[in-house]
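First up is the structure itself, then whatever we jot down about it.
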There are 2 protein chains.
Amino acid sequence: MQELIKVSKALSDETRLRILNILLERECCVCEVMQALEISQSRASRNLGILEDAGFLTARREGTWMLYSLSESSENRIATALTPLLKEYFSNNEILAHDRERLRHSVRVGPGCGEE
Amino acid sequence: MQELIKVSKALSDETRLRILNILLERECCVCEVMQALEISQSRASRNLGILEDAGFLTARREGTWMLYSLSESSENRIATALTPLLKEYFSNNEILAHDRERLRHSVRVGPGCGEE
DNA sequence: TTAATATATGCGCATATCCACATATATTTT
DNA sequence: AAAATATATGTGGATATGCGCATATATTAA
(Lines give C-alpha, C1' and ligand atoms only; values in the text may rest on other atoms or scores of the structure.)
Protein backbone atom coordinates (compact mmCIF):
# COMPACT_ATOMS: atom_id res chain seq x y z
CA MET A 1 0.00 0.00 0.00
CA GLN A 2 2.88 2.37 0.75
CA GLU A 3 4.18 1.99 -2.78
CA LEU A 4 0.82 2.99 -4.20
CA ILE A 5 0.76 5.99 -1.88
CA LYS A 6 4.23 7.00 -3.01
CA VAL A 7 3.24 6.75 -6.67
CA SER A 8 0.06 8.75 -6.06
CA LYS A 9 1.93 11.47 -4.19
CA ALA A 10 4.40 11.71 -7.04
CA LEU A 11 1.51 12.46 -9.39
CA SER A 12 -0.13 14.95 -7.01
CA ASP A 13 1.91 17.92 -8.15
CA GLU A 14 1.72 20.09 -11.24
CA THR A 15 5.48 20.48 -11.59
CA ARG A 16 5.95 16.72 -11.63
CA LEU A 17 3.19 16.14 -14.16
CA ARG A 18 4.85 18.75 -16.36
CA ILE A 19 8.14 16.89 -16.01
CA LEU A 20 6.55 13.58 -16.99
CA ASN A 21 4.98 15.32 -19.95
CA ILE A 22 8.30 16.41 -21.43
CA LEU A 23 10.00 13.11 -20.60
CA LEU A 24 7.32 11.40 -22.67
CA GLU A 25 8.92 13.27 -25.57
CA ARG A 26 12.50 12.23 -24.84
CA GLU A 27 15.26 11.76 -22.29
CA CYS A 28 16.31 15.05 -20.67
CA CYS A 29 19.04 16.40 -18.45
CA VAL A 30 18.18 18.59 -15.46
CA CYS A 31 19.04 21.81 -17.26
CA GLU A 32 16.69 20.96 -20.11
CA VAL A 33 13.89 20.40 -17.62
CA MET A 34 14.68 23.76 -16.05
CA GLN A 35 14.49 25.49 -19.42
CA ALA A 36 11.38 23.74 -20.69
CA LEU A 37 9.42 24.41 -17.50
CA GLU A 38 11.12 27.71 -16.62
CA ILE A 39 11.80 26.63 -13.05
CA SER A 40 14.82 26.78 -10.76
CA GLN A 41 17.56 24.16 -10.76
CA SER A 42 16.86 22.91 -7.25
CA ARG A 43 13.17 22.63 -8.02
CA ALA A 44 13.86 20.59 -11.16
CA SER A 45 16.36 18.35 -9.41
CA ARG A 46 14.22 17.67 -6.38
CA ASN A 47 11.10 16.85 -8.34
CA LEU A 48 13.03 14.60 -10.70
CA GLY A 49 14.28 12.81 -7.61
CA ILE A 50 10.76 12.30 -6.30
CA LEU A 51 9.60 10.86 -9.62
CA GLU A 52 12.63 8.59 -9.70
CA ASP A 53 12.01 7.40 -6.16
CA ALA A 54 8.40 6.59 -7.08
CA GLY A 55 9.63 4.42 -9.95
CA PHE A 56 8.60 6.61 -12.86
CA LEU A 57 12.10 7.60 -13.93
CA THR A 58 15.52 6.11 -14.43
CA ALA A 59 18.65 8.23 -14.20
CA ARG A 60 21.99 7.71 -15.88
CA ARG A 61 25.08 9.83 -15.80
CA GLU A 62 26.77 11.14 -18.93
CA GLY A 63 29.69 13.32 -18.03
CA THR A 64 28.46 16.09 -15.78
CA TRP A 65 24.90 15.55 -16.87
CA MET A 66 22.29 13.41 -15.23
CA LEU A 67 19.93 12.13 -17.87
CA TYR A 68 16.43 11.20 -16.80
CA SER A 69 14.03 9.08 -18.81
CA LEU A 70 10.84 7.14 -18.22
CA SER A 71 11.43 3.76 -16.58
CA GLU A 72 11.11 0.52 -18.44
CA SER A 73 7.86 -1.39 -17.88
CA SER A 74 9.57 -3.90 -15.64
CA GLU A 75 10.69 -1.37 -13.05
CA ASN A 76 7.38 -0.34 -11.53
CA ARG A 77 4.13 -1.99 -12.49
CA ILE A 78 1.88 0.74 -11.13
CA ALA A 79 3.84 3.59 -12.66
CA THR A 80 4.01 2.03 -16.11
CA ALA A 81 0.35 1.05 -16.06
CA LEU A 82 -0.43 4.72 -15.55
CA THR A 83 1.83 6.05 -18.30
CA PRO A 84 -0.60 5.49 -21.21
CA LEU A 85 -3.34 7.21 -19.22
CA LEU A 86 -1.06 10.15 -18.56
CA LYS A 87 -0.03 10.45 -22.18
CA GLU A 88 -3.63 10.67 -23.27
CA TYR A 89 -4.40 13.13 -20.53
CA PHE A 90 -1.49 15.38 -21.41
CA SER A 91 -2.46 15.86 -25.05
CA ASN A 92 -4.99 18.67 -24.72
CA ASN A 93 -3.40 21.04 -22.26
CA GLU A 94 -2.10 24.52 -22.98
CA ILE A 95 0.67 24.57 -20.37
CA LEU A 96 1.94 21.15 -21.27
CA ALA A 97 2.01 21.89 -25.00
CA HIS A 98 3.94 25.04 -24.20
CA ASP A 99 6.48 23.06 -22.16
CA ARG A 100 6.99 20.63 -25.02
CA GLU A 101 7.50 23.56 -27.38
CA ARG A 102 10.18 25.08 -25.16
CA LEU A 103 11.81 21.67 -24.84
CA ARG A 104 12.32 21.63 -28.61
CA HIS A 105 14.21 24.90 -28.32
CA SER A 106 16.15 24.06 -25.19
CA VAL A 107 19.94 23.85 -25.32
CA ARG A 108 22.07 21.32 -23.53
CA VAL A 109 25.13 23.31 -22.52
CA GLY A 110 28.26 22.03 -20.86
CA PRO A 111 31.83 20.79 -21.43
CA GLY A 112 30.75 18.21 -23.96
CA CYS A 113 29.32 20.84 -26.29
CA GLY A 114 32.19 22.80 -27.84
CA GLU A 115 31.10 26.24 -28.95
CA GLU A 116 31.67 27.07 -32.62
CA MET B 1 -4.39 18.71 -15.18
CA GLN B 2 -6.07 19.84 -11.95
CA GLU B 3 -8.49 16.93 -12.13
CA LEU B 4 -5.63 14.47 -12.36
CA ILE B 5 -3.96 16.14 -9.39
CA LYS B 6 -7.17 15.89 -7.40
CA VAL B 7 -7.52 12.19 -8.20
CA SER B 8 -3.89 11.54 -7.30
CA LYS B 9 -4.20 13.37 -3.99
CA ALA B 10 -7.29 11.34 -3.19
CA LEU B 11 -5.22 8.17 -3.59
CA SER B 12 -2.26 9.53 -1.59
CA ASP B 13 -3.61 8.54 1.77
CA GLU B 14 -3.81 5.21 3.55
CA THR B 15 -7.21 5.88 5.13
CA ARG B 16 -8.75 6.62 1.74
CA LEU B 17 -7.22 3.54 0.11
CA ARG B 18 -8.68 1.50 2.95
CA ILE B 19 -12.08 3.07 2.30
CA LEU B 20 -11.90 2.26 -1.41
CA ASN B 21 -10.95 -1.28 -0.48
CA ILE B 22 -14.10 -1.91 1.53
CA LEU B 23 -16.32 -0.09 -0.96
CA LEU B 24 -15.07 -2.53 -3.59
CA GLU B 25 -16.92 -5.11 -1.51
CA ARG B 26 -20.20 -3.24 -1.27
CA GLU B 27 -21.99 0.05 -0.63
CA CYS B 28 -21.48 1.34 2.92
CA CYS B 29 -22.84 3.99 5.23
CA VAL B 30 -20.45 6.16 7.23
CA CYS B 31 -20.88 4.19 10.42
CA GLU B 32 -19.92 0.97 8.65
CA VAL B 33 -16.75 2.62 7.38
CA MET B 34 -16.00 3.76 10.94
CA GLN B 35 -16.43 0.24 12.25
CA ALA B 36 -14.52 -1.54 9.48
CA LEU B 37 -11.53 0.78 9.71
CA GLU B 38 -11.83 1.55 13.43
CA ILE B 39 -11.60 5.28 12.90
CA SER B 40 -13.54 8.29 14.19
CA GLN B 41 -16.77 9.50 12.63
CA SER B 42 -15.35 12.83 11.43
CA ARG B 43 -12.36 11.10 9.90
CA ALA B 44 -14.59 8.66 8.00
CA SER B 45 -16.93 11.40 6.82
CA ARG B 46 -14.20 13.77 5.69
CA ASN B 47 -12.26 11.16 3.76
CA LEU B 48 -15.42 9.86 2.10
CA GLY B 49 -16.06 13.45 1.03
CA ILE B 50 -12.59 13.75 -0.49
CA LEU B 51 -13.05 10.52 -2.46
CA GLU B 52 -16.46 11.70 -3.62
CA ASP B 53 -15.09 15.06 -4.71
CA ALA B 54 -12.37 13.30 -6.71
CA GLY B 55 -15.03 11.32 -8.55
CA PHE B 56 -14.43 7.91 -7.02
CA LEU B 57 -17.63 7.73 -5.02
CA THR B 58 -21.30 8.49 -5.34
CA ALA B 59 -23.44 9.24 -2.30
CA ARG B 60 -27.14 8.71 -1.82
CA ARG B 61 -29.29 9.29 1.19
CA GLU B 62 -31.45 6.60 2.75
CA GLY B 63 -33.20 7.92 5.83
CA THR B 64 -30.55 9.22 8.19
CA TRP B 65 -27.83 7.25 6.45
CA MET B 66 -25.57 8.44 3.70
CA LEU B 67 -24.66 5.48 1.55
CA TYR B 68 -21.43 5.65 -0.40
CA SER B 69 -20.53 3.43 -3.33
CA LEU B 70 -18.03 3.40 -6.16
CA SER B 71 -19.01 5.68 -9.04
CA GLU B 72 -20.25 4.38 -12.35
CA SER B 73 -17.70 4.30 -15.15
CA SER B 74 -19.22 7.34 -16.81
CA GLU B 75 -18.65 9.65 -13.88
CA ASN B 76 -14.88 9.97 -13.88
CA ARG B 77 -12.72 8.42 -16.58
CA ILE B 78 -9.48 8.60 -14.62
CA ALA B 79 -10.93 7.22 -11.43
CA THR B 80 -12.64 4.29 -13.08
CA ALA B 81 -9.59 3.44 -15.18
CA LEU B 82 -7.68 3.10 -11.93
CA THR B 83 -10.22 0.94 -10.14
CA PRO B 84 -9.16 -2.41 -11.65
CA LEU B 85 -5.54 -1.61 -10.78
CA LEU B 86 -6.54 -0.82 -7.23
CA LYS B 87 -8.56 -3.99 -6.87
CA GLU B 88 -5.60 -6.09 -7.89
CA TYR B 89 -3.31 -4.13 -5.62
CA PHE B 90 -5.57 -4.52 -2.61
CA SER B 91 -5.76 -8.29 -2.74
CA ASN B 92 -2.55 -9.17 -0.90
CA ASN B 93 -2.49 -6.80 2.02
CA GLU B 94 -2.90 -7.68 5.67
CA ILE B 95 -4.52 -4.43 6.81
CA LEU B 96 -6.96 -4.36 3.93
CA ALA B 97 -8.01 -7.97 4.41
CA HIS B 98 -8.59 -7.20 8.07
CA ASP B 99 -10.77 -4.21 7.15
CA ARG B 100 -12.87 -6.38 4.84
CA GLU B 101 -13.26 -8.92 7.59
CA ARG B 102 -14.51 -6.32 10.06
CA LEU B 103 -16.86 -4.98 7.40
CA ARG B 104 -18.55 -8.38 7.26
CA HIS B 105 -19.24 -8.14 11.00
CA SER B 106 -20.21 -4.46 11.04
CA VAL B 107 -23.70 -3.48 12.06
CA ARG B 108 -25.81 -0.76 10.49
CA VAL B 109 -27.67 0.71 13.45
CA GLY B 110 -30.30 3.39 13.37
CA PRO B 111 -34.04 4.13 13.34
CA GLY B 112 -34.66 1.89 10.34
CA CYS B 113 -33.43 -1.18 12.17
CA GLY B 114 -35.95 -2.12 14.83
CA GLU B 115 -34.41 -4.13 17.64
CA GLU B 116 -35.95 -7.53 18.28
C1' DT C 1 45.61 21.18 -8.57
C1' DT C 2 42.49 24.71 -9.83
C1' DA C 3 38.56 26.38 -12.41
C1' DA C 4 34.24 25.68 -14.53
C1' DT C 5 29.93 23.36 -15.11
C1' DA C 6 25.98 20.39 -13.76
C1' DT C 7 23.53 18.47 -10.19
C1' DA C 8 22.24 17.33 -5.33
C1' DT C 9 21.08 18.76 -0.78
C1' DG C 10 20.76 21.39 3.99
C1' DC C 11 17.88 24.90 5.75
C1' DG C 12 14.12 28.03 6.77
C1' DC C 13 9.66 29.72 5.53
C1' DA C 14 4.92 29.57 3.72
C1' DT C 15 1.29 26.66 2.86
C1' DA C 16 -1.26 22.27 2.74
C1' DT C 17 -2.81 18.09 4.92
C1' DC C 18 -4.69 15.22 8.48
C1' DC C 19 -6.64 14.48 12.73
C1' DA C 20 -9.53 14.89 17.18
C1' DC C 21 -12.82 17.49 19.44
C1' DA C 22 -16.82 20.02 19.62
C1' DT C 23 -20.80 21.56 17.34
C1' DA C 24 -24.16 22.17 13.50
C1' DT C 25 -27.39 19.99 10.29
C1' DA C 26 -30.66 16.51 8.51
C1' DT C 27 -33.89 12.89 9.18
C1' DT C 28 -36.96 9.97 11.72
C1' DT C 29 -39.68 8.84 15.74
C1' DT C 30 -42.57 9.98 19.50
C1' DA D 1 -42.16 20.30 18.88
C1' DA D 2 -38.69 17.50 21.25
C1' DA D 3 -35.61 13.54 21.39
C1' DA D 4 -32.61 10.38 19.15
C1' DT D 5 -29.59 9.05 15.50
C1' DA D 6 -26.43 9.71 11.54
C1' DT D 7 -23.64 12.70 9.19
C1' DA D 8 -21.22 17.11 8.04
C1' DT D 9 -18.27 20.82 9.31
C1' DG D 10 -15.67 24.74 12.04
C1' DT D 11 -11.43 25.02 14.63
C1' DG D 12 -6.83 24.45 16.30
C1' DG D 13 -2.62 21.84 16.52
C1' DA D 14 0.88 18.57 14.69
C1' DT D 15 3.09 17.17 10.70
C1' DA D 16 4.10 17.09 5.65
C1' DT D 17 5.06 19.41 1.37
C1' DG D 18 7.04 22.66 -1.98
C1' DC D 19 9.96 26.29 -2.76
C1' DG D 20 14.12 29.58 -2.97
C1' DC D 21 18.56 30.40 -1.39
C1' DA D 22 22.96 29.01 -0.35
C1' DT D 23 26.21 25.43 -0.37
C1' DA D 24 28.12 20.74 -1.12
C1' DT D 25 29.38 17.18 -4.45
C1' DA D 26 30.77 15.17 -8.93
C1' DT D 27 32.81 15.44 -13.30
C1' DT D 28 35.60 17.52 -16.88
C1' DA D 29 38.96 20.82 -18.70
C1' DA D 30 43.13 23.43 -18.30
Side-chain angles (χ1 to χ4, degrees), chain A residues 1-2 5-20 23 27-54 57-69 106-115, chain B residues 1-2 5-20 23 27-54 57-69 106-115:
Chain A
M1 189 152 43
Q2 298 315 309
I5 292 174
K6 188 184 281 187
V7 168
S8 301
K9 285 189 177 178
L11 295 179
S12 302
D13 180 84
E14 179 166 323
T15 302
R16 291 193 286 274
L17 292 179
R18 292 173 66 196
I19 290 176
L20 288 176
L23 290 180
E27 186 183 54
C28 292
C29 67
V30 179
C31 60
E32 287 173 316
V33 173
M34 295 173 57
Q35 292 176 62
L37 274 59
E38 296 182 319
I39 59 177
S40 72
Q41 184 268 322
S42 66
R43 186 170 165 187
S45 175
R46 252 185 246 276
N47 283 297
L48 283 163
I50 291 170
L51 286 169
E52 183 187 13
D53 185 52
L57 308 185
T58 306
R60 69 184 179 92
R61 180 174 282 282
E62 186 176 305
T64 58
W65 296 315
M66 288 298 297
L67 298 176
Y68 288 90
S69 56
S106 73
V107 198
R108 188 182 299 178
V109 289
C113 309
E115 63 285 347
Chain B
M1 188 154 41
Q2 299 315 309
I5 292 175
K6 187 184 283 187
V7 168
S8 301
K9 284 189 179 178
L11 296 179
S12 302
D13 180 84
E14 180 166 320
T15 301
R16 291 192 288 274
L17 292 180
R18 291 172 67 196
I19 289 176
L20 287 177
L23 289 180
E27 185 183 53
C28 292
C29 67
V30 179
C31 62
E32 287 172 317
V33 173
M34 294 173 58
Q35 292 176 63
L37 274 59
E38 296 182 321
I39 59 177
S40 73
Q41 184 269 321
S42 64
R43 185 170 166 186
S45 175
R46 253 184 245 277
N47 283 296
L48 283 163
I50 290 171
L51 286 169
E52 183 187 13
D53 184 52
L57 307 185
T58 305
R60 69 184 180 93
R61 180 174 282 282
E62 186 176 307
T64 58
W65 297 315
M66 287 298 297
L67 298 176
Y68 289 89
S69 56
S106 72
V107 198
R108 188 183 299 179
V109 288
C113 308
E115 62 284 349

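What you see is a predicted model; the values in this text were computed from it and never measured. Residue numbering restarts at 1 for every chain, and letters A, B, ... go by the order of the sequence lines.
A heavy-atom distance below 4.5 Å is not found between the side chains of A:R43 and A:M34. A 4.5 Å side-chain heavy-atom check between A:L11 and B:V7 finds every atom pair outside the cut-off.
For B:I5 and D:dG18, the CD1 to P distance is 10 Å, given to the nearest whole Å. Protein atom CG of B:L67 is 8 Å distant from nucleotide atom P of D:dT7, rounded to whole Å. Distance CG (B:L11) to P (C:dT17): 14 Å, rounded to an integer number of Å. Taking atom CD of B:E38 as the reference point, atom C1' of C:dC19 lies 17 Å away to the nearest angstrom. Straight-line distance from the CG atom of B:L17 to the P atom of C:dT17: 16 Å, rounded to whole Å. To the nearest angstrom, C1' of C:dT5 lies 15 Å from CE of A:M66. At whole-Å resolution of the value, CG in B:D13 and P in D:dT15 are 17 Å apart. Put simply, CD on B:E52 is 14 Å from C1' on D:dT9, counting in whole angstrom units.
Under the side chain to side chain donor-acceptor pair (under 3.5 Å) criterion, A:R46 pairs with no residue at all, not counting sequence neighbours. Residues passing the side-chain contact (heavy atoms from CB on, under 4.5 Å) test with A:R61, sequence neighbours excluded: A:M66.
Between the side chain of A:S12 and the backbone N or O of A:S8, at least one donor-acceptor pair lies under 3.5 Å. Under a 3.5 Å cut-off, the side chain of A:R18 and the backbone N or O of A:L37 do form a donor-acceptor pair.
Note on A:T64: every side-chain N or O is 4.0 Å or more away from OP1 and OP2 of D:dT27. A sub-4.0 Å separation between OP1 or OP2 of D:dT7 and a side-chain N or O of B:R61 is absent. Put simply, B:N47 has no side-chain N or O that comes within less than 4.0 Å of OP1 or OP2 on C:dT17. Proximity of B:Y68 to the phosphate of D:dA8: a side-chain N or O atom is located under 4.0 Å from OP1 or OP2.
The nearest heavy atom of DNA chain D to A:E62 and to A:R16 marks one nucleotide each, and the one closer to the 5' end goes with A:R16. Nearer the 5' end of DNA chain C, as judged by each residue's closest nucleotide, is the contact made by B:I50, out of B:I50 and B:S42.
Between the side chain of A:Q41 and the base of C:dA8, a donor-acceptor pair under 3.5 Å is found.
Nucleic acid contact for B:S45: base, since at least one base atom lies under 4.0 Å from a heavy atom of the residue.
Under the side-chain contact (heavy atoms from CB on, under 4.5 Å) test applied with A:Y68, the options A:L51, A:L57, A:V33, A:I19 reduce to a single match, A:L57.
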Using atom names, set out every protein N or O paired with an N or O of nucleotides 11-16 of chain C below 3.5 Å, distance rounded to 0.1 Å.
from	atom 1	to	atom 2	distance (Å)
C:dC11	N4	A:R46	NH2	3.4

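Considering only the side chain of A:W65, C:dA6 comes nearest among D:dT5, C:dA8, C:dA6.
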